[in-house]
Structures are given as C-alpha cells and as structure tokens.
Amino acid sequence: MIEVFLFAIFALVALAGAVVMLTARNPVYSAMGLLVTMFAMALFYVMLDAHFVAAVQILVYAGAVMTLFLFVIMMIGVDKKEERVETIPFQRGITFVVALGLAVVIILAGRQAWVTGSDAFGSPDMVGTIETVADSLFGTWTIAFLSTVFLLTIAAVGTVALAMFGPTAVQSTDEEEGA
Amino acid sequence: MIDYLWLLIALPLLGALTLILFGKHIGEPASGWLASALVVIPFLIAAALTVPFLNGAESETVFLFSWIPVIGANASLLWDPLSALMTLVVTGVGGLIHVYSVGYMHGDPRYPRFFAYMNFFIASMLTLVLADNFALMFVGWELVGLSSYLLISFWFVKPSAAAAGKKAFIVNRIGDWGFLIALMMIFAAFGTLDFAIVFAEAHGVLSVGLATAITLMLFIGATGKSAQLPLYVWLPDAMEGPTPVSALIHAATMVTAGVYMIARTAVLFEMAPISLAIVATVGALTAIFAATLAVGQRDIKRVLAYSTISQLGYMVMAVGLTAFTAGIFHLMTHAFFKALLFLGAGSVIHAMSDEQDMWKMGGLRKYVPITFVTMAVGWLAISGLFPLAGFWSKDEILASAFAKGGFFLILWGIGVVTALITAFYMTRLIILTFFGDKRWDEGVHPHESPWTMTIPLIVLALLSAIAGLWNTPVRLGLEHFLEPVFGDIHQVHPAGGLTVWALALISLAMVVIGILIAYGRYGRGDLPNEEGGYWTAALDGYGVDTFYGKVIVLPGKTISTWLAMVFDTKVVDGVVNGLAYGVRAFGSSMRVLQTGWVRSYGAAIVAGSLGVILWLLLQGGAF
Amino acid sequence: MIVMADVTVTVGWYMILAAVLFSMGAAGVLLRRNALVMFMSVELMLNSVNLTFIAAGNELGLVEGQVAALFVMVVAAAEVTVGLAILVAVFRRRSTANVDLLSELKG
Amino acid sequence: MEDFIVAAVKVVIAFALLFMVVLLIVWAERRIVAFMQNRLGPTRAGPFGILQTLADGMKLLFKESLTPRNAEVFLYLAAPVMALLPALLIFLVIPIGAPITIGDTTYTLQVTDLNVGVLYVLALSSMAVYAITLAGWASGSKYPLLGSVRAAAQMISYEAAIGLALVPVIMFAGTTSIAGIVEAQGATYFGFLPAWNIVLLPSFVVFVIAAFAETNRAPFDLVEAEQEIVGGFHTEYSGFRFALFFLAEYINLFTMSALTVTFFLGGWNGPTFGPTWLVWILPVIWFFVKTFAIIFLFIWVRGTLPRMRYDQLMAFGWKRLIPVSLAWIILAMIAMGIRRYGLPWA
C-alpha cells in the first residue's frame, strides 16, 4: 500500500523534473529538472532493492555528470536563453507524433513481452548490495568491466586532448550565422 | 625425420626472401654460395628422407596447416617415391646449376637478384612436386611459371628477352586454362581436390567420358608447361634467359612438370584410353617435329631447345603409352644430360665471349678440354649410345611402344626415326663446335671456364654416363622403386627375351647411322652450304610463329584494338559515365534530406526506430 | 485508498514510467536547440533505460540488471565528458551552443 | 511502527545536537582565533560570551532579506536550503556512540546504518556544490558567479581526493558500512595499540587536507576570498538566508571532523569501564573529544596558514594529492595482500 503511494509520489516527481527539463528556457533550470528526475530514479532504485546502484546513481549522475553540466553551462551558455521560434519546418509536429508514438509503441511492446516474474532465475529477494553486485561484476562480467576501464581511459585522454589542442582564439562566425 | 619435409620448400624460399631484401649487402660471391647451400641442404634432406623408400617404407603425408579445407586443399605435402625422385632431381641438378651459376653469372650487376629468382624457382618447383592436392599443385604450377618469366626476362633491357618472357608466360597461360578447367571438373566430380581421395574414388565416380574430358584438359595444361605441340613455341625463345636458367628450368625441371603431372594423375589417364592415345600421338609428333627443327638451327642453344622439346615428346609419348616408369626414367636421365649439354653450351658461350652462332665456332676442343669431354658424354648420352643413360631410357620407351603394338607401332617408327635425327643433329652440334677449323671472329680468345662451372659439368657427365644402369631390362631398379606409386596401374612393359635385344639393336643402329651421316656431312673440313629451302624454313621454325601471329595474335590484336578504341570509349565508358550521372542526379535529389540540422536527423532516427518496433510488433502479432 | 487496498506496484508500472520518460527524452533531443539540453535529454533516455534494467532485474531476481545499469552509467559518464569537451571546443570556435547554427554539413 | 518512532526520535535528537554543537563551534572558533591573534573575542553575551552566536543568529533573523533585481528568484531562494540539506543528511550515518542494549532491544547511536554508507557520504558531500553554484549564479551578480565557479571546480577536484583517500580505509575494514568501519577499528594491535586507521597516515593526511578544501576553509577559502571577490557566492544573501549558509558551513565543518574521527581515529572507540551507564556514556564522550580535537585543528590551521592562490590550489589537488592517494592505494593493497596471504616468497 505504502509502496503504491511512494511510487506515485516519486513518479510524479520524476515526470515533473523531466517536464521542467524539457520546457525550461534556461539550461540551468533544465539541469535542475534533470537532477530532480535523477534523484527520483535513485529512490526508485532503493525501492527496487538496488542500494548500490542508487548510491552510484547519486554519486555519478548527480555528483559528477550534472555538476559537469552545470559547470559547462556556467562557462558557455548561461546567459543565452533559447528562442522559442522553431526554425526547422514541421519539427514540432514530427517530434510530437514520433515521441507519442514511441511511448505508445514501447508500452504496447511491453504488453507483449511483459516481464512476468518467473523467479526461477535467481533468488527473488535479491538485494543489490556492494557484495552481490561485485560478485557479478568481477566474476561473470570481468571482461566487460575491464573494457569499461579502457573506455573511461580513452574518454579521459580524449577530453584532455580536446581541451589542450583546441583553438585558442575565438573566431568570428558572422558569415556562417548569416548564411 | 619426415617432420623436416617442410624445410625443403622453406629453405629456398628463405634464401629467395633474404636475397631479395638484403642481396645488395650480401654481395657477389656470397649470395651465390648462400643460394647454392640453400638448394644443396634440401637435397641432402631429401636424400636422407628417400633412404627409407629403398627399404620399402610407406608413403607419407605431412600436414602443415589448413588452407582451404573445405575443398580438400591444405598445405600438406605428399612424400612418396615419385615426389622423392622428382625432389632429388630438382634439388640435385638445381644445386649443381646453382654452383655453376656462381661462376657463370660473375660480374652481372643484378647477381644477387638472379640467385633470389633461382631459389624462388626451386621453392616453387618443390611446391608443385610435393603437393598432395591439385590446388597446391596448381599454386606451384603457377609459381614456376612466374619464376620462369622472371628468369627468362632476367636481362630485361634486351627487348627480345622481355618479349620472350612475355611469350612464355602467355603461352603457358593457355595451358593453365586447361589445367584450371580440369581442376574445376575434378572438384565438381569429387567435391575435393585431395589426391588421395580423388585417386581412390576415381573408378567409382568417373565415367569414361568424364575421365577423358578431365584428362584432355589436364593434357592441355601439360602441353603448355612441357612445350608440346602446339604450345611449344615459347621454349626456343626462352633461350634468351641466362644459360643456367635454360639448363635448370627449360631443360631439366620445369618443362617436365607436365610429364610429372600426367604421371601423378596416372589413375585418371588410365581410365581414358582415347586421351592416352592422343597424349602418345602428340608426344611422338612433337618428338619428330622438334627434331627436324633442331637439325636446321645455327644457334647452339636453340639446337638444344628444340632437342629438349623433342625429348619431352618422348616422355609424353611414354606416359601416353602408360609406360609411366619409362617416362619418369627418361625424365630423370634427360635432366642429367640435357642440363649437362646446356651447361656445356653455356661454358662454350662463356669461352667465346657470348657468341652463340655455331658457324662462328669450331675447333674448340683444344681450348676448352673439360667442356669438350663432358659435352661429348652428353652428346653420346642423348644420342642413345650404349651404355650411356639415354640409351636405356629412350630404348625402354621405344620398346614399350613396340610392345603395345597396333597403332602404336607407327609411334614406335616415329620414335626410331627421331632417334636417328637426334643422333644427327647432336653430332652436327659437336662437330661444328669442337672440331674443324677456327671460324671465330678476331679478338676472341677462348678459355676454359672456372672450376665452379667445370665441376658441375663433370658431376653431370658422370651421372649421364651411369644413371641409365638403374633401370635396365636386366635389373629394374627404378621400376621397383616406383612400385608403390604405379603399383595399381596397368603399365605397358617391354617384351622380354630376344625382342628387347632386337629393338635395342635397331635403335642403336639408327644412332650409329645418324652419327655417321652427320660425320660424313660436317666432319670433312668444308661445311656444306645450308641456305634456302629446308634450312631457311627450319631457322624460321617452319614459320609457326608467323602463322600464330597471323591466325591468333593479329585477330586478337584487332579485336583488342576495337574493344579499346570503340567498345571501351563508347559502351563501357558510356555505362560508367551514365551510372555516375545517374548517381549524381540521385544524390542531388537526395541532398534535400541533408539539412545539416542534427535535430532533423534525430527525428529521422527516432521515426526509423519507431518503424522497426512497429514492424517487430506486427511480426509478433501484437495487433 | 480503500479501493486501492490490494494494488501492488508491478514491474509494468516501472516499464510504463520508463517508456514515458524515454519518450520525453527523445522529444527533448528533437525539440531543444541548446546542445547542452540535448545532452541532458540523452541522459534522461539512458536513465529511463536503467530503470527498466533494474526493475526487470528485481522482478527476475537477477543481479545482472543492476550490472547492466552500472555499465550504462559508465558509458554515459564517458559520453558526457567527451561530449561536453567537444561542446566547449565548438563554443570556443563558434561562440554558440545552438546546434541549428552548426549546420555546415548540409547538402 | 516502533522502528518508525525510534527513527524519528533519533533524527530529532541528531538535528538538535547539530544545531547545539554549531553554536558552540562558532563561539569556540571566534574565541580561539582571537586568542591566537592576541585578542579576547566575544565576551559579553553569557559566560565567556558563549551566547554570542545565539545573539548573532537572533539578529540575522530580524534583518530584512533582500532579493537582488537580476536574481533568478526560485533558485536564489532554493540555494540556502540546498546548502543545509546535505550537511544535515550526512550526519545521519555517523555513529556517535557504542550500541546500547535496553531489555531485548539494541539501539544504535546512529540514525541509520547503510550498507553503502561511505558512498552515501561521498554522494551527499558532492551535493553541496549545487547550493554554492546555484547561489552564485542565481544572484545575478558577478562576484558571486566567480566565487561559485571557483567553488565548483575546487570541490569537484578535491572530492576525487577524498574518495581515493577512503579507498584504503574501505579495504582495511572490508565493508562500506560506517558502523562496520568503526567496529573494525575496535580491535587492537599487539593487545594494547588501538587498531585505528590512522596507521594509514598518508590517507589520513590527504583526507584532512581535502576536508579543508571541501568545507571551503582556510587555507582553501578562495570561494569567499574577501579581498578578491567580496564575499564569494553568498555576497548577495542577507538576513536569515545568509544564516542558513553560515549554519550549513559550520555543520559541514562538524560533520567533516566527525567523519575524520569515524574513518581514521576509531570513531567512538576508547577505553570503557565502570557501571553500565558509564559504559554507555563513555564512547559518546570519546567521540566528541576526538571530534573537537579535529575541529581545533581546523581552527588552528585557519589562524595559521595564508590563503592559497587559485592555480596553486588546483595544481596541489590534481598533481599532489591525487597521485599520492593512488600510490598509497597500491601500497596499501600490497600490504593487505601480504597480511592476508603472507609474503610472496614465504
């Protein structure tokens, strides 16, 4: 009972955050909206017994990713509010149809192949503590885990390279913008 | 021990690679000796590996690595008495010729490159010989063609050498076409190219007609490589290459590949009597045709070239008679004495400062004694004088033809006449070169060749003298040796008893007559006037090249010109340009989609995934 | 509340929520011109997928759902770092984060 | 239901405790710094001026709260709350004393023990960045914005150091539960030396230095460097909203000290003796003694060291602390390996 309540509240919070992200003219508010959604996600994860992932969700998404977003917004986009005038023809209509269609179709697909909870696979009261996740991560999925190490290293190197070797002078973009 | 079989191919290949890459740094004598060593060592290995066969050991297949297993083509080597014999001939004669080349090629600016090619040839030839399936054999077959091309046109600055190389390559391609079709037919029939399976199942799978078709196609391949009618034209021109090349490739080894191939596929040929008859006939006709041409040549190497064609004709005739052992036997002895003769000719040319016209020689026996003596042995051996090698092997072929009887008696007759002509032109060559007056130009100072060239001559002379004793009617050594290979084949055998001696006497008489006629014509001081009529025609090779030029090359050129000038510019270019235009027009019409707006691309992606999900849902029966 | 007494949260609820969030993320990518907000929308999509992973993993009693979510997070983190670095580089050159103005590759 | 009541009581006690302690710390800092600078500090309100903080707080409450014209009002108002929340929440996982058993029930002196406690602490401490960044940005003024960008960069950088410094601690304890880490430090070496994680000295040093930076205290207080950027991110805040930032800052100081004690100095571990009630009370006393010792260290450093330059700060964080932490993690791993599996050649 209380579970339904919590779900409803968190879902509303998550949706509200997403709506704010989608509609705010200022990217800072978009970031705040997304942050709220991510917190709601973390709470869902706790409800779903994925404690470790919930902590990582906050640590990585809220703590690192969104901070980075905010930082970059402060650096580049903070005072530029987005224009409401749509420049691409039909984009709004297409987006509306396509996004709605996507939601409907995913839900339809889900009704076809709903997870029907055969608990034969594992222990139904499995809790995602560090120990259980680590067992799987460093046992079954070692290779995948190691490849993420490479991925992160490459990403770090790429980021540093982009920051180090980029152009230093801001060039005029008048012609392109006029075109 | 058998595990080291791969070294036979690997060592010369290593030598070729080393000399190609580092030849310049290795320098002149060293690269030659390195190459020689890398042929002699395989010879020693092969010899060690052959010993068990003398004690009746089984054939073995050495699997190296998977290549195209699905068609039964792997890099695996077959080691049986036949391939052992061929390997010994190739590496033994090849090794001697390598040593000879150390001296002969002295001072050539591309000295290391020459030995690189020679080693490459040895490796290719051994691949051909040792292959245990048609595909690998074909690889070797093509590789010897390539190395032959490289070596014929080794002195490519000479236009004639470059042209000769091309000619050899193109004519060989015609033969290869036949071989390739044969391979396809074999694969279609058997589903594999593995020798063992093909030969084992041949009787169950093949009809006589199919066998005939396959073997005829194989024989087309053989005529190309072994210079039989009508594809022999490349071999005389191939004399443009350095003399050791002529000795090694165009006398002793590569040209025998066709004979070897027929012997190897003896099982298939045995099933196709018509093919066998054709093979034997072509062989006999080639033998006499080339012999008559050899008579008319003035260039010492061209005489030997036509002689080679003629002798190859004998071998082909032998395998066509199903006298496979005799064919292989003649192949072996011919390798010895023809290599000897070529090397001797090379020594003479070397002595005469690159003069090849016999009319400008004469009286050389005092100046190049070792060359003279050894070449004399070769002369008598090829002529077939008792008891030298040529006598035994040639006689066995003739006796086999006689023993087969019927139609084949005609072939026997041709063979006997050819023997006479052979004795005649070889005597002519010896007399014109070594006897009589000096006819050479001013400023030529003949001298004996260095020891690196004479020692191979001496060794080959010894072999030419005694090799025939391996397989005599009295003691069939080779026959016994090759028993595991041809044991299941119905070979024709010379009749025993008095017949064989009578036949021997007849051919011996022919040889003596030939020698005497030649002596009578050339041995008495004045040289006869050989102008006009037959002589001009023979010098021209009976105009076969001109004929081919008119009948085949010219129409080909005309068609090619038309294709290049009209068809290509109008039709091919038209199609290409039209396609390009169409693509451009299509692209222009599609450009509209390329808006440059990320978001419209994104919309397309999402719409596309929406479509995919919808389709999957429809497939799954969601609606 | 009395009516809902025997209602429990099933995995389907999470799936529907995730589908809605995913669609909103997709709409964000298609609608917003600010590259930063487009990135955020992509993050929202990734998050919604994570939710399905974990919900399904919980339903099946498998830890793999959470492991997959962790991998998604790693990839998302890497993507954000590089993406934002590119964005900063673009901004240094063009003084704009509006993707509509970065349309030189048009046909 | 009982659990719920117990939890609620714990939360109330914890928050009350925090507010009390903050009043004390502010007073203590002013007095101690004053002594170090050869002054007296506040003396008027209450004995030794101990009520001075309360008086200041009352004053701030009655002041007018200004909102700048260019401010993004919503975020401007939300920022102080966002600053206070994580500061309060972190304290919930810190055990301030040994578990107490009354009847059949054992009560832990900790609001909740999480399996992922350390991650929880790290996650929440990274939340503090938002308050500062948003406060600076939402003020619509340039000095706060500069201060907030500085703060964001500084806190992101030193968070990495804090996380890395905690890795050896987690390895030695074998758990990420905070109570577990404290219990693991209850053992002894050679029967008398307490097995506190202070033996991981480099980690301890890195952690404390990074804690200075995380709490924006001297010598890393560039965020509010008066000489350069006036008051930093909270320049435009006044009245009660400023009080909230102030409060959050000192709560952070206290929780960081408490965390240092918990992770490295054995938490509530200490000698216990006497009757049951004393056995219950003593750990709490030890915990607070240790915590205040660390707070004294914070104040002492503030009174001693000059402020660093911005580039020095970043270089120190990235080029010194993080490499040292990484090297130390490897060494600690080797040490653990030897302790568990013996020497490689043995």
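Labels below follow one simple rule: chain letters A, B, ... track the order of the sequence lines, proteins then strands, and each chain is numbered from 1.
- Contact annotation for D/Leu119: both backbone and side-chain heavy atoms come within less than 4.5 Å of a heavy atom of chain A.
- Judged as a side-chain hydrogen bond (donor to acceptor under 3.5 Å, both in side chains), and not counting sequence neighbours, D/Glu214 has no contacts.
- With a threshold of 4.5 angstrom between heavy atoms, D/Ala153 approaches chain A through its backbone and through its side chain.
- Of the atoms belonging to D/Thr176, it is side-chain heavy atoms, and not backbone ones, that fall under 4.5 Å from chain A.
- Between the CG atom in A/Leu59 and the OH atom in D/Tyr120 there is a gap of 13.0 Å [rounded to 0.5 Å].
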Residues D/Leu124, A/Ile58; criterion side chain to side chain contact (heavy atoms under 4.5 Å, CB included); working and verdict: CA-CA 8 Å; D/Leu124 280 181; A/Ile58 294 182; 5.7 Å; no
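- Of the listed residues (D/Ile156, D/Thr133, D/Leu75), the greatest number of heavy-atom pairs within a distance under 4.5 Å of chain A belongs to D/Leu75.
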Side chain to side chain contact (heavy atoms under 4.5 Å, CB included) evaluation trace for A/Phe71 with D/Val129: CA-CA 10 Å; A/Phe71 200 74; D/Val129 185; over 6 Å; no
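- Considering OH of D/Tyr130 and OG1 of A/Thr67, their distance stands at 3.5 Å, rounded to 0.5 Å.
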Residues D/Met127, A/Phe39; criterion side chain to side chain contact (heavy atoms under 4.5 Å, CB included); working and verdict: CA-CA 11 Å; D/Met127 288 302 100; A/Phe39 267 106; 3.3 Å; yes
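- Ring geometry for D/Phe74 versus A/Tyr29: interplanar angle of 30 to 60°, hence tilted.
- For chain D, the nearby parts of A/Ile130 are the backbone and the side chain; heavy atoms of each come within less than 4.5 Å.
- Pairs of residues two or more places apart, or lying in two chains, never qualify as ring-ring contact (aromatic ring centres under 6.0 Å, His included) while including a residue from residues 311-332 of chain D.
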Show me the donor-acceptor pairs within less than 3.5 Å that the side chains of residues 6-16 of chain A make with the rest of the protein, sequence neighbours left out.
none

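- The stretch residues 30-37 of chain A places A/Met32, A/Leu35 near chain D, each with some heavy atom under 4.5 Å from a heavy atom of that chain.
- For the atom pair A/Glu131 CD and D/Thr175 OG1, the distance stands at 6.5 Å (nearest 0.5 Å).
- Ranking A/Gly63, A/Ala55, A/Ala62 against chain D, the residue ahead of the rest is A/Ala62, based on heavy-atom pairs under 4.5 Å.
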